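For clarity, every value in this text was computed on a predicted model and none was experimentally measured. In what follows, residues are counted from 1 in the order of the sequence shown.
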Amino acid sequence: IVHPTPNTNFIPIDFCVGVQDTLFDNSDLDTLTCVSNIIDSINDRLWEVLPPAGSWTQAGSGIDLIYTFPTAGLWKVRLTCTSVFFCDSTAEYDILVHDLPQAGFTSTSNPSCIDDNVVFNGNTGISGGSTNSSTGVINEWDWDFNDSYCTTLPACSLFNSTDGDANHTYTSHVGSPYNVTLTVNDNNGCISLPTTNPIFVDPLPTASFTATTECLDTLTQLDGTSSSSSTDTWSWRIYDPQESPNGYVDQTTTTPSHNY
C-alpha cells in the first residue's frame with residue numbers, strides 16, 4: 001500500500017510586531033479509496049519560524065500556530081505535517097510583520113482654566129505628533145480625556161476620529177491633572193502603545209480688593225492682594241467722572257492708587 005502524503009497548507013496573514021495572532025492550519029490528507037480498514041490521518045505538526053536575519057527555530061506543534069513575532073520585517077514560517085504512517089510534506093510562506101504606529105499629541109492651554117476649550121493635535125507631520133510605521137498609515141485616533149466630571153459618562157470622556165484633531169472642555173479643576181491618553185490604529189490593523197500627557201486645569205481666580213477711606217483730593221489706596229492666591233495679573237478700571245475722556249482710569253499694579 002502506498003500511503004498519501006499530507007496536503008500541508010496554512011493561511012498566511014500579516015502580523016503586527018509584539019501582538020499575538022494565529023496562523024490557521026488548512027492541511028488535509030487524501031483518503032485511501034481502495035482500502036476501508038486502514039485509517040490514515042495527520043499525526044504530527046511542526047511549526048518553524050525564520051527571522052529576517054537568523055536561523056529556523058521551532059515555534060509550535062499544535063494544529064494552529066499562536067505566535068508573537070518579536071521584531072518587524074519579513075519572516076518565513078514553515079509547517080511540516082506527518083501522517084500516522086510517517087509520510088510528511090511541508091508548506092512555507094513569507095509573513096510580513098509590521099511595526100506599530102506611534103501615538104503622540106500636542107495641546108493648547110496647558111495649564112488651562114475651567115471651561116476653556118482645550119485643543120489637541122495628534123496628526124502626523126507635526127512636532128510632537130503621531131508617527132506612521134514604515135509600512136502603514138494611521139487612519140484612526142482614539143482619545144480618552146480622563147474626565148470623570150463631564151456629562152454623560154463614559155461617552156463624554158472618549159472621542160474617536162479619522163483625523164488627529166480633537167478638543168475637550170473641562171468643567172472642574174478637582175481632577176487636575178487630567179491624564180489624557182491617545183492610541184492610534186493604522187491600515188494594517190496595528191495599534192500603537194498608548195501615549196499619555198497630563199493636562200492641568202486651574203480654578204478661576206477670585207477678584208477681591210480693599211480700599212482706604214480718604215478725604216477729597218487725597219490718594220485713595222487700593223489693594224488687590226486679597227484676591228485668590230493663583231492671581232498673577234491685576235487689571236483695574238477705576239471710575240472717576242472727573243477723568244477724561246470717558247471717566248475711567250486703567251491700572252495694572254497690585255496696589256494702585258487714585259486721587260479723587
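- Contact of the H258 side chain with the L222 side chain is not registered, since no non-hydrogen atoms from C-beta on lie closer than 4.5 Å.
- Put simply, the side chain of N43 does not reach to within 4.5 Å of the side chain of T82, judged on heavy atoms.
- Put simply, the side chain of Q221 gets close to the backbone of P256: a donor and an acceptor are under 3.5 Å apart.
- More than 12 heavy atoms of other residues, nucleotides or ligands shown are found within 6.0 angstrom of OH on Y67.
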Evaluate the side chain to side chain donor-acceptor pair (under 3.5 Å) criterion for residues T90 and T80: first the C-alpha distance (whole Å), next the side-chain angles of each, then the deciding distance (0.1 Å), finally the verdict. CA-CA 4 Å; T90 298; T80 301; 3.0 Å; yes
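- Using a 4.5 Å cut-off on side-chain heavy atoms (C-beta onward), D116 and Y170 make no contact.
- In this structure, F120 has its ring center closer than 6.0 angstrom to the ring center of F145.
- Between F69 and V17 the shortest side-chain heavy-atom distance does not fall below 4.5 Å.
- Atom CG of D44 is separated from atom CG of D88 by 10.0 Å, given to the nearest 0.5 angstrom.
- Not a single donor-acceptor pair under 3.5 Å links the side chain of W141 to the backbone N or O of D165.
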Starting from the C-alpha separation in whole Å, work towards a yes-or-no answer on side-chain contact (heavy atoms from CB on, under 4.5 Å) for Y260 and Q242. CA-CA 8 Å; Y260 288 94; Q242 302 300 317; over 6 Å; no
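- Aromatic pair F105/W143: ring centres closer than 6.0 Å.
- In this structure a side-chain-to-backbone donor-acceptor pair under 3.5 Å is present from T195 to A103.
- In this structure, E140 contributes its side chain and N160 its backbone to no donor-acceptor pair below 3.5 Å.
- The closest donor-acceptor contact from the side chain of D64 to the backbone of D25 lies under 3.5 Å.
- With hydrogens and angles ignored, the 3.5 Å screen pairs a side-chain donor or acceptor of N259 with a backbone N or O of T218.
- A donor-acceptor pair under 3.5 Å links the side-chain atoms of S227 to the main chain of S208, judged by distance alone.
- For the pair R45 and C81, the minimum side-chain heavy-atom distance is below 4.5 Å.
- Atom CG of L219 has more than 12 neighbouring heavy atoms from other residues, nucleotides or ligands inside a 6.0 Å radius.
- Side-chain atoms of S228 never come within 3.5 Å of backbone atoms of P205 as a donor-acceptor pair (strictly under, hydrogens ignored).
- When side chains are defined from C-beta on, N188 does not count as touching L96, because their heavy atoms never get closer than 4.5 Å.
- Remark: the backbone N or O of C87 is not paired with any side-chain donor or acceptor of T5 at under 3.5 angstrom.
- Counting only heavy atoms from C-beta outward, the side chains of F209 and D223 never approach each other to under 4.5 Å.
- Here the side chains of N146 and T181 are not in contact, with every heavy-atom distance at 4.5 Å or above.
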